[in-house]
Peer 1: 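If you scroll down you'll find the structure; I have some questions about it.
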Amino acid sequence: MIRKLFVLFLLVIVGFFLASVVVSVPFGAEKTIVGRYYLNNTIGETGGVNAVTSIVVLYRGFDTLGEVTVLFLAATGLAAILANTREKRKKHKEKPSLIMRVGTDYLFPAAIVFGSYIFLHGHLTPGGGFPGGVVIASGFLMLFLAQWHYKADELWLKVIESLAGMTYVLIGLIGLWKLGTFLGNFLGKGTPNMLLSAGIIPLIYIVIGIKVGSEMTGLLQNLRETTENE
Amino acid sequence: MNWIIVLGLIALGTVLTILRTALGPTASDRAVAVDSMTTITTALLVLLGLLMDRYIYLDISLVYAALAFIATLAIARYLEGGV
Amino acid sequence: MSEALRTFFSPQILGPEIFYGSSVGLFLIGLYMILVKKNLVKIVIGLSFIESGVNLFLISLGYVWGKTAPILNKPELMKEPVKYAVDPVPQALVLTAIVIGVAVTAMALSIVIVIHDKYGTLDISKIKELKW
Amino acid sequence: MVSPILLIAIPLFMAFSVPLWGLIWKKLPRYIPFATFGMTIAVLVSLLPQLWAKGVISVVIAGVKPPFGINLVFGPFGAFFALIIQIVALAASIYLFEYEPPEPAEKFYMLFILVVLGATGMVLTGDIFNMFVFLEITSISSYALTAIRKDGHSAEAGFKYLLLGSLGSTLFLFGIALIYGSLGTLNMADIGARIGEMNPNLLAAAVILILIGMGVEAEMLPVNGWVPDAYQAAPVPVVSIFSGVVAKAGIYALARILYTIIGLESYASLLLIFGILTLLAGELAALRQKDVRRLLAYSSIGQMGLIMLAFGTVGFTAVIGGIFHAFNHALAKALMFFALGIMAAGVGKWDMDSLEGIGRVKPYTTLLFTIGLLSTLGLPMFSGFWSKLLIIIGMVNAKYTVYASLALFGSAVEVVYFARLLGKFYSSKISNNLKDAIPESKKIFSLLGMTFIAIFILAVGIYPDALVKWIAQGAYILLNKATYIGMIIGGAIQ
Amino acid sequence: MGSRLSKFLYTALVMFLLWLLLTSSFNVQELVAGAVIAILVAAFTHERFTKKGLANLHPKRVVCMFIYFFYFFWQMIKANIDVAWRVIHPKMPINPGIVHVKTKMKSDFGKLMVANSITLTPGTLTLEVLGDDMLIHWIDVKATDVETASKMIPGVFEKCLKEFME
Amino acid sequence: MLAIIGWIMIYIGATFLFLGALGIFRFPDVYNRLQAGTKCTTLGAFSSIVGVGLVHPAWLPKTLLIAFFILLTNPISSHALGRASYKSGVKLWEGSVIDKCKEFEECQKKEEEQE
Amino acid sequence: MNLVTLSYAQYFGLFVSLSVVIYLLGKGVPPIKSVLSFLSLLLAAYLFTTLQSTGQTTLLLLNFTFGIDILTKFFVWMTFGIAIIVSFVLVSNKELSPTFHALYLINVIATVFIFLSRDLISFFLAWELMGWTTFAMIISDGWTDKLKAARKYFVWSAIGAYFVLIGFAILISQTGYYQFEPILAHIGTIPTGWLIFAVALLVAGFGVKAAMMPLHVWAPDAYSESPHEFTGFFSGVLSKAGIYGVFMAFFYFAARFEAFNMLRIHGTSIFGYIMVWIGAITAFGAALIATNQEYGKKLLAWSSVSQLGYIIFAFGIADSLGMTGALAHALAHALFKSMLFIIMAAVIMRTGTDHLPSLGGLIKKMPLSFIFAVVGGLALAGIPMTIGFTSKWIIYEAGIHGGYIFTTTLIFAASTAAFLYYYRFVYSVFLGPLHEEHKEVKEAPAYYWISYILIAIPIFYFGLYPGKLLAIISKILDTYDLPSLQTYTATTVATPLGTFNGLLIGLGFGAALLVGLILYLIGGRTKKAASPTDKYLASEVVTNEFELHYAMDFYKFLERELHGILKISAQKFYEFFEEIVRFTADLNRKLFFCGNGQAYLYYLTIILTILIFAIWRINL
Ligand code: NA
Ligand code: NA
């Protein structure tokens with residue numbers, strides 16, 4: 001009780017602090033220096049109509065490379081931590097029903113196509129490599145959930161993940177080699193609003209999509225394996 | 001007017017499902033209520049897309065529907081003791 | 001009519017109170033959870049709450065009264081993007097922050113699994129073999 | 001084309017490629033970290049002439065000039081920290097040759113490369129949000145590496161680290177959000193140039209959040225509870241990375257943000273107070289510690305406190321001392337942990353009593369340990385001496401005599417527990433536990449790598465001039481915000 | 001069962017159709033991208049996606065499918081009105097229970113179609129499918145024995161489905 | 001013309017969505033609630049989404065896609081939830097007339113033994 | 001004419017390199033090491049004469065400054081003298097490792113550089129180098145049984161070094177300089193409080209090395225555990241570096257500053273007054289403890305502590321007599337204590353022990369050593385014709401003249417105690433019955449005789465011609481603008497309280513001694529020495545021959561009387577202090593690193609709230 005009161009006391013202070021801090025940040029006002037620049041120049045400089053995407057992939061592409069790395073890290077770390085950790089416990093488990101199994105059989109390819117659609121159109125729509133990859137992985141998640149003993153091939157996942165990551169870095173290095181700047185856009189800008197536009201953005205999003213897809217799949221598989229006992 | 005009626009109905013529906021989620025009484029009841037709520041939300045997203053004239057809402061709606069389906073599947077599998 | 005509704009669904013009516021308020025609220029809920037809850041999973045959820053609060057704050061920084069998403073797929077948007085589109089930067093930042101948050105949560109949960117296996121409990125006050 | 005970006009691109013590429021090497025030959029991934037950091041050190045060294053010629057190498061990503069794009073700043077200050085990080089990483093990767101990592105080994109090597117990459121990114125980036133991203137890379141891989149041993153202890157330690165670390169980095173992100181919300185820019189130089197436009201209350205809040213957030217990695221007092229646990233539970237090469245790489249990146253980030261962005265005038269006392277508390281708490285906690293890893297962890301906390309004090313002093317001499325001490329501490333602690341790993345190999349126990357008399361069983365390793373220890377203590381002829389001396393002189397110069405006295409009290413405590421440790425190690429009574437100790441002759445490569453560090457410590461101890469000149473440039477840049485801003489942005493601020 | 005090539009082509013075709021729906025565009029770039037994606041996805045998933053392959057596109061089947069769709073749709077609307085009525089009715093006139101029925105469908109897809117159709121039609125909900133046996137929740141139980149119930153519930157769809165599925 | 005049909009469908013859809021939710025709220029046990037949830041919300045969503053496609057014909061393909069996706073997945077998820085309920089032992093409403101679960105489970109066991 | 005001209009840095013570098021050479025060659029050809037170290041020291045002494053009077057070296061952005069003046073020469077020659085003599089003795093010990101010899105050379109050079117430094121930083125460096133090489137030498141032939149002593153020395157040296165470092169740091173920060181000259185020029189700008197703080201720290205820091213009570217606890221152990229041959233240098237010279245430090249801190253910097261001298265007692269500043277008391281207590285207390293030692297080296301070690309007390313006492317008085325006495329006694333102590341330690345080393349070399357009850361009757365086996373032990377003892381006890389008389393006499397005069405009645409009485413008492421412990425030492429080792437196992441013991445080798453003689457020469461020279469010593473000391477004090485004694489000739493010293501002629505008194509006393517010796521030799525030989533079990537007759541139960549040795553409980557009666565005083569030991573105080581630190585440390589450890597992850601989150605939140613309050617105070 002005293003602990004809770006103390007916590008409440010702390011919360012009141014922190015809350016008052018945060019509140020008084022955030023209200024002094026102007027809401028809804030024009031304030032951005034860099035944002036204005038991106039809006040004005042995204043089409044001219046990158047050919048991408050989606051300013052967010054241009055920022056994510058080009059202007060602040062380095063963040064995204066880091067973000068990809070973080071996800072990679074999560075997958076790697078999770079696999080490392082959970083590998084061969086759990087003791088086998090005997091536990092009765094319900095098998096999934098036929099309806100789930102068959103239904104997911106049909107939905108799975110569709111999920112892959114949909115995921116591909118999302119990461120291929122990242123520069124035109126709010127999608128991108130991450131959501132695309134997640135949708136692909138969710139296709140696999142369906143299989144994990146609804147198909148008894150379904151297992152993605154670890155070797156393939158590993159190789160795809162590695163190759164995708166290396167390709168991303170290579171794309172950056174090609175930019176460095178051709179234009180003297182890492183992640184430089186060495187492809188043409190194309191016509192705005194077309195699939196083939198925005199230079200290396202779709203290329204990078206393909207790589208990210210594949211990478212995130214395989215990583216999240218591996219991640220889910222790891223989580224599932226550790227909980228599946230017989 | 002159209003919008004008020006349509007959105008009003010949907011809002012009422014959402015409230016009802018939220019109530020059921022809160023009331024339960026079993027975990028299955030809550031899961032069922034949430035599942036319905038996601039369906040309603042999928043439709044709502046499409047409708048809002050029309051209202052705000054944003055095509056991208058359709059993509060969002062589709063992703064949402066897909067993820068909601070998988071979430072329901074996961075919850076169901078969990079409830080029946082399959083994962 | 002639909003104009004009014006459009007207004008209703010835009011932050012103009014809701015104003016900063018709702019955005020900033022909910023981000024602070026989320027932060028505090030999370031803080032409460034990590035300080036009071038004993039269960040590791042609940043603490044992890046608390047951390048996610050805090051993260052969400054910060055992310056919400058970050059994304060609401062980008063909003064500019066009466067402007068739209070920064071996807072310049074229409075002629076008037078292409079012509080004068082700054083006039084019509086909101087600040088795209090916080091959106092890009094939040095994308096990154098969210099992915100990072102997911103990664104951290106995944107990591108946390110995997111560690112929780114191992115802890116549960118080894119200690120047989122999720123009570124944080126009982127997990128202190130390493131001390132002093 | 002040699003560019004600082006390679007310091008990040010190469011490790012990233014190599015980390016991604018580790019599984020592929022493993023397909024060729026199962027043992028190959030073991031040597032990948034060495035190859036990686038060999039390359040990065042080569043890149044770093046080949047960049048130095050250019051650095052001396054230009055004063056700073058600022059490269060932009062995707063060809064966008066700051067503040068609109070992310071830039072890497074390879075200046076004297078950052079480059080020096082990058083060097084520290086690469087050296088420790090290279091030494092650790094040599095150690096890995098003969099180290100049996102926790103399974104899955106492949107993942108271990110990947111995480112190992114990535115934690116160093118994250119830290120390198122933190123010290124090189126010129127963009128504050130990018131720093132957050134690299135901070136997360138560093139800390140997430142650290143969590144994983146802490147918990148990787150899969151016993152209860154490592155999971156426990158990993159979880160505590162994660163709790164503090166993720167809360168800390170969230171606060172850090174909040175701080176960044178406040179700055180962005182007020183100024184609309186993320187480039188550190190640009191923020192530094194505009195910081196005067198910021199509402200002082202907001203700025204203060206941002207400072208608090210950033211200080212606490214980064215303090216977790218920098219092992220600052222009330223948020224460093226994870227340190228001893230992680231040092232105790234993580235594998236030895238990882239621990240050397242914690243103290244030599246992660247903590248250093250943390251303190252770099254603190255210094256960089258507080259000096260370059262904020263301008264330290266009104267907040268220096270915060271660093272001083274936290275520094276002295278950290279120092280005293282660390283040293284005192286070590287006093288009664290039996291487990292050598294924990295003891296070294298507490299000592300590490302103490303040293304970080306000293307570095308914080310140095311940066312809080314805001315004087316040329318003290319800052320030189322602080323940077324120099326970061327270097328010395330990184331090398332010495334890494335050396336000590338490597339040596340400890342070899343000393344405890346086959347013993348399996350890490351408390352002082354179990355290692356009693358190790359100096360007679362593994363004399364060379366213990367000698368290397370002792371060199372690291374004496375450098376940490378700040379004995380003349382060892383590199384640690386100069387940095388401690390500079391810090392003390394600097395603090396007293398700035399009239400922080402009370403802090404200096406307390407710091408020296410901490411050092412006296414340090415002398416006591418290290419003397420006790422050495423006494424145990426060189427005792428003529430040999431503990432029974434040492435019977436199954438793996439002879440040090442089986443770790444030739446590790447010993448070779450450690451010998452290089454030891455020679456380096458002694459060489460710098462005898463002739464610190466060249467290094468200090470470099471550090472002085474770094475300190476100059478750090479203390480002269482305007483110079484930094486001018487170098488990065490020039491007249492380009494619109 | 002169809003050959004691998006036929007399965008592959010069928011899958012690729014369906015996926016390409018899906019792509020067209022997604023992009024809603026006949027731009028050459030989109031079409032090429034769609035084709036590539038469809039082929040790639042089909043290459044890996046055709047075994048999972050279909051058992052019969054192109055045989056699914058036999059005109060008779062397509063027509064049947066079309067008819068079934070409208071039939072099913074009609075059933076669905078009836079079901080909805082039925083349930084809606086029960087929902088609105090103040091007394092909630094329900095008479096629920098779980099019954100056991102048998103299906104005549106042999107293929108997995110057939111069973112799925114039947115089960116889904118049952119679920120979406122008047123007052124019935126498939127709880128379990130195990131071999132030929134199905135467990136159905138019936139909001140207004142009219143028959144408790146297996147034979148009658150089987151005629152009343154899956155029987156409605158099986159006539160038509162049998163035509164184009166089996 | 002198309003727009004009017006579209007709006008009508010939206011109205012129908014919204015109504016059914018509401019009714020479905022009402023059913024979820026009113027019905028006495030989880031199985032009956034599922035009945036409402038599956039049927040009414042599916043039709044409601046389908047109708048309103050296709051309606052939007054008709055009002056805004058350029059969007060028709062994608063709205064159809066969403067609608068069919070819902071049509072395909074909703075029964076599966078309802079089935080999954082229903083199965084989960086009965087597997088996890090949620091009791092039928094006391095007003096229920098028949099429960100074949102037990103005998104069915106016995107059948108099932110026999111089958112498994114035969115395997 | 002000088003053959004070579006070396007800069008200070010080259011000088012330093014040369015001998016550090018030579019030490020490496022000694023180490024390497026010594027590994028290959030063992031006998032060469034001691035010869036080399038001896039020759040190197042001779043070379044060092046020679047090259048010292050060629051050094052220019054000032055010099056500078058720049059390293060690490062710092063400007064190191066060196067210089068030689070008369071004070072430097074006084075201490076440096078004392079160092080070289082004893083060092084070379086000791087290195088003579090070191091030749092005899094074949095077991096000492098090349099490492100030891102290499103360290104010895106560095107140690108001597110470091111000590112010399114303490115005296116050469118003219119800036120705080122090089123001073124500190126030399127100081128530290130001296131300290132750590134000493135430590136390395138203590139442990140160089142293994143840690144066995146020396147652990148406690150070595151650790152104590154290690155810790156105390158470090159603590160002393162930190163005191164010094166802070167003191168220096170204050171001087172540097174307050175004046176902005178680290179060279180002596182400018183600091184001296186700006187000493188007046190330092191606020192009095194800071195100066196007092198700094199000087200107190202410096203005196204405490206140097207006092208550790210000078211074994212000043214209560215900072216002496218390391219000394220007896222370290223002296224007695226160091227290699228026997230080296231202890232002479234350790235106790236005789238290295239402690240003088242501490243004395244030099246005290247001198248520099250107090251007189252070079254502080255005492256010239258008017259404000260520093262405002263509060264005066266008996267004409268000296270309150271600071272000096274405290275030193276007088278500390279010195280007297282050190283002298284007396286350590287002497288008492290020395291009387292109760294059972295081991296020769298321990299006894300001499302405590303004696304050293306006591307003698308250093310005299311010096312501190314005299315410094316504290318701080319007038320012409322006191323200063324002169326202090327410096328004179330510094331040299332005197334260096335001479336006689338190194339002599340006694342070398343004799344002790346000889347005894348240990350021959351018998352393998354310094355346990356007093358196990359020794360005895362060695363006068364017959366090692367007569368030469370005995371004679372020089374008497375010489376050393378005469379100097380220690382302050383008997384005329386030795387340097388000890390000169391210095392002690394001046395110190396007594398100073399005490400009486402300065403009006404320090406009580407403390408001077410203590411110093412007198414310390415002298416009495418000195419006589420007691422010295423008697424115990426000589427008696428237990430050389431007189432009394434010879435033990436069976438020592439039947440075959442031989443006289444110490446020639447190296448030792450040479451050392452004895454070399455040390456005895458100045459002891460007698462300055463005893464007979466005190467004016468020669470006072471001339472040097474007066475010159476030193478004049479150089480530093482301190483009050484010096486002017487009233488002396490070569491053989492006579494005049495003080496306000498009286499005059500003595502060293503030669504006359506010395507010769508007279510020598511003659512008397514000679515007569516006594518002759519009488520003893522005639523009469524003593526006829527008398528049979530008592531058996532070790534003589535006590536048996538004193539109606540005590542015999543249980544074990546060993547315990548009944550008369551050298552056991554030599555001063556048991558004294559111990560009984562002094563029990564109360566001895567209980568108040570500094571050691572106990574440190575143990576108490578240690579306990580407090582330990583408690584704090586544990587509390588800190590259990591609070592901040594309690595192991596509960598949630599607690600850490602609490603700490604984070606609490607610190608956040610504290611900072612919020614702090615910032616609000618600043619900005620709101
Ligand atoms: Na995007
Ligand atoms: Na659904």
Side-chain angles (χ1 to χ4, degrees), chain A residues 17-18 20-22 24-27 30-38 41 45 57-67 69-70 72-74 76-85 155 158-159 161-166 168-170 172-173 175-177 179-185, chain D residues 1 3 5-6 9 12-13 15-20 23 59-64 67-70 102-104 107-108 110-111 114 117-118 121 125 127 129-130 133-134 136-137 140-141 143-145 147-148 150 155 158 174 177-178 180-187 190 199 201-202 205 494:
Chain A
F17 166 71
L18 291 177
S20 61
V21 160
V22 295
S24 39
V25 179
F27 179 82
E30 298 268 6
K31 60 208 151 205
T32 160
I33 299 161
V34 289
R36 177 190 300 263
Y37 174 88
Y38 297 142
N41 295 289
E45 285 184 5
V57 180
L58 286 176
Y59 293 116
R60 303 192 61 86
F62 211 47
D63 279 350
T64 305
L65 185 57
E67 187 184 346
T69 312
V70 167
F72 173 74
L73 259 175
T76 310
L78 198 109
I81 293 170
L82 292 179
N84 324 315
T85 47
L155 183 69
K158 206 160 80 174
V159 170
E161 196 180 318
S162 285
L163 286 177
M166 288 157 75
Y168 194 169
V169 181
L170 275 181
L173 287 174
L176 183 65
W177 171 52
L179 305 176
T181 169
F182 192 74
L183 284 173
N185 189 353
Chain D
M1 175 166 181
S3 156
I5 189 78
L6 293 176
L12 200 50
F13 187 84
F16 287 145
S17 73
V18 167
L20 301 186
L23 294 180
V59 294
V60 295
I61 310 293
V64 193
F68 307 114
I70 294 173
E103 283 301 320
K107 311 265 185 225
F108 177 81
M110 288 169 164
L111 293 168
L114 287 174
L117 164 110
T125 185
D127 184 283
F129 187 80
N130 196 239
V133 173
F134 279 115
E136 288 288 5
I137 294 180
I140 294 177
S141 37
Y143 311 148
L145 283 169
I148 199 170
K150 297 187 259 301
F174 207 144
L178 291 181
Y180 182 80
S182 312
L183 299 177
T185 178
L186 291 165
N187 184 282
D190 198 23
N199 173 342
N201 276 341
L202 269 184
Q494 289 157 353

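Chain identifiers are assigned alphabetically (A, B, ...) following the order of the sequence lines, protein sequences preceding nucleic acid strands; residue numbering begins at 1 within each chain.
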Peer 1: Between A:Leu78 and chain D, with a heavy-atom cut-off of 4.5 Å, which part of the residue counts as in contact: side chain, backbone, both or neither?
Peer 2: neither

Peer 1: Find the distance between CZ (D:Phe134) and OG1 (A:Thr69) and round it off to the nearest 0.5 Å.
Peer 2: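 Reported to 0.5 Å precision, the distance equals 7.5 Å.
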
Peer 1: I need the D:Met110 CE to A:Leu73 CG distance, nearest 0.5 Å.
Peer 2: 10.0 Å

Peer 1: Quick one: what part of D:Ile70 sits under 4.5 Å from any heavy atom of chain A, side chain, backbone, both or neither?
Peer 2: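 For D:Ile70, heavy atoms of backbone and side chain both lie under 4.5 Å from chain A.
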
Peer 1: What part of D:Asn187 is in contact with chain A, defined as an atom under 4.5 angstrom from a non-hydrogen atom: side chain, backbone, both or neither?
Peer 2: neither

Peer 1: What part of A:Asp63 lies closer than 4.5 angstrom to a heavy atom of chain D: side chain, backbone, both or neither?
Peer 2: both

Peer 1: Output the option from D:Gly69, D:Gly118, D:Pro19 having the highest count of non-hydrogen pairs under 4.5 Å with chain A.
Peer 2: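 Of D:Gly69, D:Gly118, D:Pro19, D:Pro19 has the most heavy-atom pairs under 4.5 Å with chain A.
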
Peer 1: Just by modelled atom types, is the A:Val159 backbone N or O under 3.5 Å from a matching donor or acceptor in the A:Ser162 side chain?
Peer 2: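 Side chain of A:Ser162 to backbone of A:Val159: no pair is present.
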
Peer 1: What part of D:Ile61 is in contact with chain A, defined as an atom under 4.5 angstrom from a non-hydrogen atom: side chain, backbone, both or neither?
Peer 2: both

Peer 1: Relative to chain A, which of D:Leu186, D:Thr125, D:Leu20 shows the most heavy atom pairs under 4.5 Å?
Peer 2: D:Leu20

Peer 1: Look at D:Leu111, D:Val18, D:Ile148 and state which one has the largest set of heavy-atom pairs under 4.5 Å with chain A.
Peer 2: D:Leu111

Peer 1: A:Phe182: which residues meet the ring pair (Phe, Tyr, Trp, His ring centres under 6.0 Å) condition with it, sequence neighbours left out?
Peer 2: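 None.
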
Peer 1: Please tell me if the side chains of A:Val21 and D:Asn201 come closer than 4.5 Å, counting only heavy atoms from C-beta onward.
Peer 2: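 When only atoms from C-beta onward are counted, D:Asn201 and A:Val21 do not touch, as no gap falls below 4.5 Å.
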
Peer 1: Return the NZ to NZ distance between A:Lys158 and D:Lys107, rounded to the nearest 0.5 Å.
Peer 2: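 A:Lys158 atom NZ to D:Lys107 atom NZ measures 6.5 Å (nearest 0.5 Å).
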
Peer 1: With a 4.5 angstrom heavy-atom cut-off, could you sort out which part of D:Phe13 is near chain A: side chain, backbone, both or neither?
Peer 2: both

Peer 1: Is chain A contacted by the side chain of D:Leu145, its backbone, both, or neither, given a heavy-atom distance below 4.5 Å?
Peer 2: neither

Peer 1: Let me know if A:Tyr38 has heavy atoms under 4.5 Å from chain D in its side chain, its backbone, both or neither.
Peer 2: side chain

Peer 1: With only heavy atoms counted, which part of A:Leu173 is less than 4.5 Å from chain D, the side chain, the backbone, both or neither?
Peer 2: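 Interface part for A:Leu173: side chain.
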
Peer 1: Show the nearest heavy-atom pair for residues D:Ala147 and D:Gly158, with the distance to one decimal.
Peer 2: CB-CA, 4.4 Å

Peer 1: Would you call the rings of D:Phe68 and A:Tyr37 parallel, tilted or perpendicular, where under 30° means parallel and over 60° means perpendicular?
Peer 2: parallel

Peer 1: Between D:Val64, D:Ile137, D:Leu178, which has the largest tally of heavy atom pairs under 4.5 Å with chain A?
Peer 2: D:Ile137

Peer 1: Quick one: closest heavy-atom pair of A:Phe17 and D:Ala205, and the distance?
Peer 2: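 For A:Phe17 versus D:Ala205, the nearest heavy atoms are CZ-CB, 3.6 Å.
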
Peer 1: Which atoms of A:Val34 are under 4.5 Å from chain D, going by heavy atoms: the side chain, the backbone, both sets, or neither?
Peer 2: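 Interface part for A:Val34: both.
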
Peer 1: Could you have a look at D:Val133, D:Thr185, D:Leu23 and say which one has the most heavy-atom pairs with chain A under 4.5 angstrom?
Peer 2: D:Val133

Peer 1: Which heavy atom of A:Asn41 sits nearest to which heavy atom of A:Tyr59, and what is that distance?
Peer 2: O-OH, 3.5 Å

Peer 1: Heavy-atom cut-off 4.5 Å, strictly under: side chain, backbone, both or neither for D:Val60 against chain A?
Peer 2: both

Peer 1: Under the ring pair (Phe, Tyr, Trp, His ring centres under 6.0 Å) rule, collect the residues that match up with D:Phe129, sequence neighbours excluded.
Peer 2: D:Phe132

Peer 1: For D:Asn199, which atoms come within 4.5 Å of any heavy atom of chain A: side chain, backbone, both, or neither?
Peer 2: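 The side chain, not the backbone.
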
